[in-house]
Amino acid sequence: MDSIISPHSKTPQDPTELTDALLDWYDVNARTLPWRIPPGSDIEPDPYHIWLSEIMLQQTTVTTVIPYFIKFLHQWPRVQDLAAAAQDDVLVAWAGLGYYARARNLHKCAQYVTEELNGIFPDTEENLLQLPGVGPYTAAAIAAIAFGQPAAVMDGNIERVMARMFNVTTPLPDAKPALKELTERMTPQHRAGDYAQAVMDLGANICGPKLLKCSGRCPWEDHCAANALGTADQLPRRKSKAPKPTRRGYAFWAEFNNHIWLCRRPENGLLGGMMEVPSTDWLESKSWDEVPAPQIPIITNWKETPGMVRHTFTHFHLELKVIRLEFAEQIDLQEGDWFPFSRINDLALPTVMMKVIHHLREPVLDL
DNA sequence: AACCCGGGGGG
DNA sequence: CCCCCAGGGTT
């Protein structure tokens, strides 16, 4: 990349003019968010708040995060409080947010900061990067937003805005190095945190994946190469993804006296550490004809229930048929425990398991 | 470098 | 149905 100047834009050599225009826009248009210090405020950001919000915002939209962020701060006001919590309480509070390894790393990180760093977060990108669950994006974001350092923050929003500003037509992920380079050149020495948040606001509200509200709204409208070329709605390009396979299995519904039998998944891997209705392995198949008949986990009468639970994970679709085990008395299965339905919301149940529970409690065909 | 890892909202 | 989202860890 020879120059930050696009042949199709009026971008000045010195990006200061661009960043100043964006910061002026941000001063007026910054969204109010629970973890955000409004531009111009004298309040010092709380690194604990910034860190918590940034972990939650990984691959998760702002509107989804807000209620969880408020709930966490209410339950654990300081990083020391979070460190002292039981891991299962953290998983329960996290249930529904997804990517559950984030919750385990969040807890580990809180304990590390509390026990090894006297409750004080590192203030450099390099040292932040050493924390569990903190990668390049989050380290730069905390350094810039919480500590005012000129760290170059790169995320999906900023990738998109840069790809359009400079008409980067290389498909992702191949374009990442070039977009990172552009981001580094654009990041200002002062107010880098506000700058990063401003670009992300731009990406969320004006320069969206499909939604483009450039005209009269975007502070970079007159300097955007894709806007000049009319290519904005086609950028950034992406390599095509492999289609998702379908896995199928049988879940076992064991209910007695308003209790349900649940067990805990292994610590690592899919839905690590979360609770589940016991089930057979989830095997990839073309149809149910290929799925082996289930091994019933206890000698008792059983019945396959009508319908099926469908759920989609990051990399596969899941179909679960549910087998109801019938009991004359409350017998323990091999692993797990009986839990009263009244406490179901106090358990770390991922969404797919909540679907199973709703499916059996209010039978709906082919949910 | 490739793969694994959720869930929700919007078009 | 598709796509995307304030990505990180593991191997």
Side-chain angles (χ1 to χ4, degrees), chain A residues 31 33-36 49-69 91 94-106 108-109 128-146 151-161 172-174 176-177 180 183 193-205 207-212 233-245 247 265-274 276 310-318 348-355:
Chain A
R31 285 185 290 177
L33 299 173
W35 49 86
R36 177 175 287 178
H49 295 189
I50 303 302
W51 163 75
L52 178 61
S53 70
E54 292 300 345
I55 300 296
M56 288 182 166
L57 286 161
Q58 290 166 8
Q59 297 297 101
T60 309
T61 53
V62 166
T63 53
T64 301
V65 164
I66 287 174
Y68 283 89
F69 177 80
L91 288 177
W94 197 274
L97 256 191
Y99 287 105
Y100 298 96
R102 289 187 296 172
R104 300 193 300 274
N105 283 328
L106 183 86
K108 268 195 277 183
C109 184
L128 285 161
L129 203 46
Q130 304 305 313
L131 300 175
V134 175
Y137 162 76
T138 308
I142 297 173
I145 298 169
V153 181
M154 261 290 287
D155 80 320
N157 281 306
I158 298 177
E159 280 180 355
R160 181 173 60 255
V161 173
L172 287 167
D174 294 354
K176 278 181 180 290
K180 174 73 174 174
T183 298
D194 282 348
Y195 167 78
Q197 294 180 90
V199 183
M200 291 190 277
D201 277 17
L202 206 59
N205 299 332
C207 196
K210 305 289 181 188
L211 180 79
L212 289 103
D233 61 348
Q234 304 166 38
L235 295 175
R237 296 175 55 193
R238 287 178 197 280
K239 285 183 172 176
S240 59
K241 300 169 189 171
K244 290 178 182 176
R247 300 184 193 176
R265 295 180 61 87
E267 184 70 11
N268 296 310
L270 183 70
L271 305 175
M274 304 293 284
E276 68 172 354
R310 299 179 198 276
H311 188 74
T312 298
F313 293 93
T314 308
H315 53 296
F316 65 94
H317 303 290
L318 177 66
L349 284 162
T351 296
V352 61
M353 292 302 151
M354 290 303 288
K355 284 186 184 177

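By convention in this document, chain letters (A, B, ...) are assigned in the order of the sequence lines, proteins followed by strands, and residues within each chain are numbered from 1.
Of the two residues near DNA chain C, A:Leu131 and A:Leu33, the one whose nearest nucleotide lies more 5' is A:Leu33. Comparing A:Leu211 and A:Leu270 along DNA chain B, the residue whose closest nucleotide (by nearest heavy atom) sits nearer the 5' end is A:Leu270. Remark on DNA chain C: of its neighbouring residues A:Asn105 and A:Trp35, the 5'-side contact belongs to A:Trp35, judged by nearest-heavy-atom nucleotide. Annotation: of the two residues near DNA chain B, A:Lys210 and A:Gly98, the 5′-most nearest-nucleotide partner is A:Gly98.
For B:dG6 and C:dT11, the P atoms lie 15 Å apart once the distance is rounded to whole Å. Using P as the reference atom, B:dC4 and C:dA6 are 25 Å apart when rounded to the nearest Å. If you take atom C1' in B:dG9 and the same atom in C:dG8, they sit 23 Å apart, rounded to whole Å.
Relative to the side chain of A:Thr64, the nucleotides B:dG8, C:dA6, B:dG6 differ in distance, and B:dG8 lies closest. Closest to the side chain of A:Tyr99, from the set C:dA6, B:dG6, C:dC5, is B:dG6. The side chain of A:Tyr100 lies closest to B:dG7, out of B:dG7, B:dC5, C:dG8. Residue A:Lys241 has its side chain nearest to C:dC4 when only B:dG8, C:dC5, C:dC4 are considered.
A:Lys244 has its NZ atom 9 Å from the P atom of C:dC3, to the nearest Å. We find that CZ of A:Arg160 is positioned 11 Å from C1' of C:dC3, with the value rounded to whole Å. Spacing between atom CZ of A:Phe313 and atom C1' of B:dC3 amounts to 17 Å, rounded to whole angstrom units. Distance A:Met354 CE to B:dG8 P: 10 Å, rounded to the nearest Å. Rounded to whole angstrom, the span from the CG atom of A:Asn157 across to the P atom of C:dC3 amounts to 18 Å. Whole-Å rounding puts the A:Ile142 CD1 to C:dA6 C1' distance at 11 Å. One interatomic measurement links the two molecules: CH2 of A:Trp94 to P of C:dG8, which rounds to 12 Å at whole-angstrom precision. Between the CZ atom of A:Phe316 and the C1' atom of B:dG7 there is a distance of 13 Å, given to the nearest Å.
Distance check: A:Arg31 CZ to A:Met200 CE gives 9.0 Å after rounding to the nearest 0.5 Å. For the atom pair A:Leu131 CG and A:Leu106 CG, the distance stands at 11.0 Å (nearest 0.5 Å). Atom CD1 of A:Ile66 is separated from atom OG1 of A:Thr61 by 9.0 Å, given to the nearest 0.5 angstrom. Remark: A:Met274 CE to A:Leu349 CG distance equals 7.0 Å, nearest 0.5 Å.
Here A:Thr314 lies in heavy-atom contact (under 4.0 Å) with a base. The residue A:Gly96 sits close only to the backbone: its heavy atoms come under 4.0 Å of sugar-phosphate atoms, none of a base. As judged by a 4.0 angstrom heavy-atom cut-off over every strand, A:Leu271 is placed among residues touching the sugar-phosphate backbone only. At the heavy-atom level, A:Arg31 lies under 4.0 Å from base atoms of the strands shown. At a threshold of 4.0 angstrom between heavy atoms, the contacts of A:Val134 are confined to the sugar-phosphate backbone, with no base atom among them. Using a 4.0 Å heavy-atom criterion, one finds that A:Lys176 contacts no nucleic acid atom at all.
Side chains of A:Asn157 and A:Arg160: a donor on one and an acceptor on the other come within 3.5 Å. With no hydrogens or angles considered, no side-chain donor-acceptor pair links A:Arg102 and A:Gln58 at under 3.5 Å.
Using modelled atom types, no side-chain atom of A:Lys239 and backbone atom of A:Pro173 make a donor-acceptor pair closer than 3.5 Å.
Here B:dG6 sits opposite no nucleotide as a Watson-Crick or G-U wobble pair (both hydrogen-bonding atom distances under 3.5 Å).
Taking side-chain N and O atoms only, A:His315 has a distance below 4.0 Å to OP1 or OP2 of B:dC5. In this model, the phosphate group of C:dG9 is not approached by any side-chain N or O of A:Arg104 to a distance below 4.0 Å at OP1 or OP2. Phosphate contact (OP1/OP2 of C:dC5, side-chain N/O of A:Arg238, threshold under 4.0 Å): present. For the OP1/OP2 pair of B:dG8 and a distance below 4.0 Å, the side-chain nitrogens and oxygens of A:Thr351 include at least one atom meeting the criterion. In this structure, A:Thr138 does not reach the C:dG7 phosphate: none of its side-chain N or O atoms is under 4.0 Å from OP1 or OP2. For the OP1/OP2 pair of C:dG7 and a distance below 4.0 Å, the side-chain nitrogens and oxygens of A:Gln59 include at least one atom meeting the criterion.
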